[in-house]
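Values in this document were obtained by computation on a predicted structure and should not be read as measured data. Reminder, nothing fancy here: chain letters follow the sequence lines and each chain counts from 1.
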Amino acid sequence: MAFQTIRGTFDVLPDAHDTGGSEIPGAAAWRWAEGVVRGTMARFAFQEVRTPVLEPLDLVARGVGATTDIVSKEMFVVERSKEAYVLRPEVTAPVMRAYLQHHLDQRGGAQRLFYIGPCFRAERPQKGRFRQFHQWGTELIGSDDPGADAETVANLRAVYDAFGITGTRLRLNSIGDAADRPAFRDALREHFAPHADQLSETSRQRLDTNPLRILDTKDPAERALLDGAPVLTDFLGDAARDHHDRVKTLLDGLGVPYVEDPLLVRGLDYYTRTVFELESDALGAQGALAAGGRYDGLAQAVGSKRPVPAVGYAAGFERLFIALAEAGTTLPAAPTPDVFLVCLGDAAEAAGFGIAQALRQSGLAVDFALGGRSVKAQMKAADRSGAAHAVVIGDDELAAGAAQVRDLGASEQRPVPIAELAVVLSAGPAARESGPSPVHG
RNA sequence: GUGGCUGUAGCUCAGUUGGUUAGAGCGUCCGGUUGUGGUCCGGAAGGUCGCGGGUUCAACCCCCGUCAGCCACCCCA
């Protein structure tokens with residue numbers, strides 16, 4: 001085997017396969033999952049946008065934040081003609097870029113947008129963590145109303161409900177407005193400074209660059225220092241506090257469950273006020289299924305003259321599939337043809353192409369073996385294809401003008417005039433459109 | 001980026017204290033007389049034992065490096 005997928009990437013094949021630990025669902029499962037997402041988005045009146053995989057490096061650096069891990073060490077940078085591009089590590093900054101570039105505010109009102117697509121981060125691969133991974137997410141741009149936050153969270157929950165995934169926990173917090181942050185940062189620094197020697201090297205750096213990040217440390221020793229540390233909630237300005245309260249009231253009214261977590265912060269710089277994360281205990285270290293929040297500061301960070309309030313979330317397909325597997329959900333298998341054509345001899349094979357074409361034009365999915373294999377081999381292939389019927393054509397059938405139609409399930413066959421094949425075969429179980437549904441168990 | 005574990009046919013795995021033609025099951029292909037599958041029987045193809053060095057008369061087995069996967073950390077979806 002000469003070439004292989006590069007580290008942390010994978011192929012999607014007709015059937016599921018695994019990379020050694022992570023099960024990669026087949027293409028039909030991906031299509032189905034994307035369809036479930038699209039269905040939910042439609043019900044929330046979110047509309048799709050598709051942005052390039054390649055974006056200007058500066059957009060990401062300024063949008064996501066230069067001190068973040070993503071920008072400082074996980075970007076795939078592409079250089080060409082002195083321009084620096086990156087394979088997008090997330091899609092929020094690109095969508096905001098598109099919103100500003102195309103003046104989507106001129107469509108009127110807040111824009112309810114969603115996306116589905118690949119992202120790239122040069123992290124060390126693990127189960128549920130790839131270098132090319134796939135996300136869907138929403139961006140509700142142009143509204144500072146708490147209702148926008150509530151809609152976003154409600155949408156997130158609705159998607160996972162549609163997938164039948166239970167046992168998740170939605171953590172919610174407010175990190176306040178940019179103006180609230182300095183006082184809190186100072187308070188944090190004051191709190192940690194005396195214990196700097198007990199902090200890890202990275203935390204000590206963060207004390208300088210981004211003290212909020214120390215809050216979500218998992219280091220037990222550092223967690224101990226969190227006792228008595230200043231609480232973000234106490235530093236919220238009136239506007240942010242009121243906003244947060246109204247978001248919670250709306251979610252309570254909707255019956256959307258969440259838990260408040262004053263230690264929840266986000267790794268990306270653009271967040272303001274509302275932040276949340278959906279996690280599952282079933283996923284091990286990759287517990288985060290989805291995360292998001294409000295990012296009122298992003299637009300200006302990427303060059304807008306006016307502030308543009310917005311809120312959204314991003315969710316990972318790879319982790320969704322792990323959660324679906326944990327839930328015992330059966331994913332759709334590759335589609336099967338309706339008919340498998342078995343041709344004996346050159347004349348029959350020549351006629352077979354015409355018959356296949358006619359059946360296909362009538363809407364049937366038709367497969368057949370190329371290259372004149374033995375009847376036995378062709379029948380075996382027909383069986384394996386999953387087709388409901390095999391249509392056998394040989395010299396006898398051509399002479400009689402009638403093919404043998406074999407019901408592969410019942411093992412019965414009868415002659416059918418070639419001209420009537422399309423009608424007869426279409427009369428069967430032709431509910432192929434919607435495809436199989438997953439079974440929850 | 002750090003640490004640990006793993007790496008033999010398409011898949012799941014065997015492979016004796018290093019010993020000379022590396023095996024099995026499943027799968028694939030062909031066949032079991034002239035045109036019929038899912039069972040059965042027979043046969044075949046398929047492996048530079050992840051890759052590269054080293055030790056040795058001799059290495060899939062030992063040593064070093066490297067790549068990849070997995071797990072944890074970090075971080076994140």
Of A/G8 and A/A315, the one whose nearest nucleotide on RNA chain B sits closer to the 5' end is A/G8
Comparing nearest nucleotides in RNA chain B, the 5'-proximal residue of the pair A/R124, A/E277 is A/R124
Does [X] get its side chain close enough to the base of [N], under 3.5 Å, for a donor-acceptor pair?
X	N	answer
A/R319	B/rC76	yes
A/E397	B/rG35	yes
A/R129	B/rC74	yes
A/S374	B/rG35	no

Between [X] and [Y], does at least one N-O distance fall below 4.0 Å, as a salt bridge requires?
X	Y	answer
A/R88	A/E55	no
A/R414	A/E412	no
A/D58	A/R62	no
A/R129	A/E318	no

For B/rC30, take OP1 and OP2 only and decide whether either is under 4.0 Å from a side-chain N or O of A/R373.
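Yes, within the criterion.
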**OP:** Indicate whether OP1 or OP2 belonging to B/rG35 is found under 4.0 Å from a side-chain N or O atom of A/Q404.
**Re:**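 The answer is no; no side-chain N or O of A/Q404 sits under 4.0 Å from OP1 or OP2.
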### Pair A/F340-A/F368, ring-ring contact (aromatic ring centres under 6.0 Å, His included): steps then yes or no
CA-CA 5 Å; A/F340 196 103; A/F368 69 105; 7.9 Å; no
In whole Å, what separates the [atom1] atom of [N] from that of [M]?
N	M	atom1	answer
B/rA77	B/rC30	C1'	49 Å
B/rC60	B/rU20	C1'	14 Å
B/rG35	B/rC49	P	44 Å
B/rA68	B/rA58	C1'	30 Å
B/rG43	B/rU48	C1'	27 Å
B/rU6	B/rC74	C1'	22 Å
B/rG3	B/rG65	P	11 Å
B/rG31	B/rC70	C1'	43 Å

Nearest-Å distance, [atom1] ([X]) to [atom2] ([N])?
X	N	atom1	atom2	answer
A/E23	B/rC70	CD	C1'	15 Å
A/E123	B/rG69	CD	C1'	16 Å
A/D395	B/rU34	CG	C1'	14 Å
A/F368	B/rU36	CZ	C1'	18 Å
A/H134	B/rC76	NE2	C1'	16 Å
A/R121	B/rA77	CZ	P	5 Å
A/Q4	B/rG50	CD	C1'	8 Å
A/F276	B/rA77	CZ	P	11 Å

Contact class for [X] vs. all strands (heavy atom < 4.0 Å): base, sugar-phosphate, or nothing?
X	result
A/G386	nothing
A/F10	nothing
A/E279	nothing

>> For a ring-ring contact (aromatic ring centres under 6.0 Å, His included) check, start with the C-alpha distance between A/H191 and A/F184, then their side-chain angles and the critical distance, and finish with the verdict.
In response: CA-CA 10 Å; A/H191 175 79; A/F184 181 61; over 10 Å; no
CZ of A/R169 to CZ of A/R171, rounded to nearest 0.5 Å, is 7.5 Å
Atom pair CG/CZ of A/L324 and A/F163 - distance to nearest 0.5 Å =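 Going from the CG atom of A/L324 to the CZ atom of A/F163 covers 6.5 Å.
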Closest nucleotide among [options] to the [X] side chain:
X	options	value
A/R7	B/rA77, B/rA68, B/rG38	B/rA68
A/E74	B/rC75, B/rC70, B/rA77	B/rC75
A/V375	B/rG38, B/rU36, B/rU2	B/rU36
A/Q126	B/rC70, B/rA72, B/rG37	B/rA72

#### Entry: Distance-only polar pair, side chains of A/H244 and A/N173, donor-acceptor under 3.5 Å
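No, no side-chain donor-acceptor pair sits under 3.5 Å.
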Note: contacts of residues 376-385 of chain A with RNA chain B (heavy atom, under 4.0 Å) are A/K376, A/A377, A/M379, A/K380, A/D383, A/R384
Kindly confirm whether the side-chain ring of A/F133 is stacked on the base of B/rA77, judged by centres under 5.5 Å and planes under 30°.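 So yes, this residue stacks on that base, both cut-offs being met.
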ring-ring contact (aromatic ring centres under 6.0 Å, His included) between A/Y160 and A/W136, worked out: CA-CA 12 Å; A/Y160 284 89; A/W136 81 86; 5.7 Å; yes
Writing each nucleotide of RNA chain B 5' to 3' as (, ), [, ], | or . by Watson-Crick or G-U pairing under 3.5 Å yields (((((((..((((.....[...)))).(((((.......))))).....(((((..]....))))))))))))....
All heavy atoms of A/A110 vs all of A/L140, minimum pair found to be CB-CD2, 3.7 Å
Note to self: I need the minimum non-hydrogen distance between A/A33 and A/F321, along with the two atoms involved.
What the structure shows: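 Heavy-atom minimum between the residues: CB-CZ, 3.8 Å.
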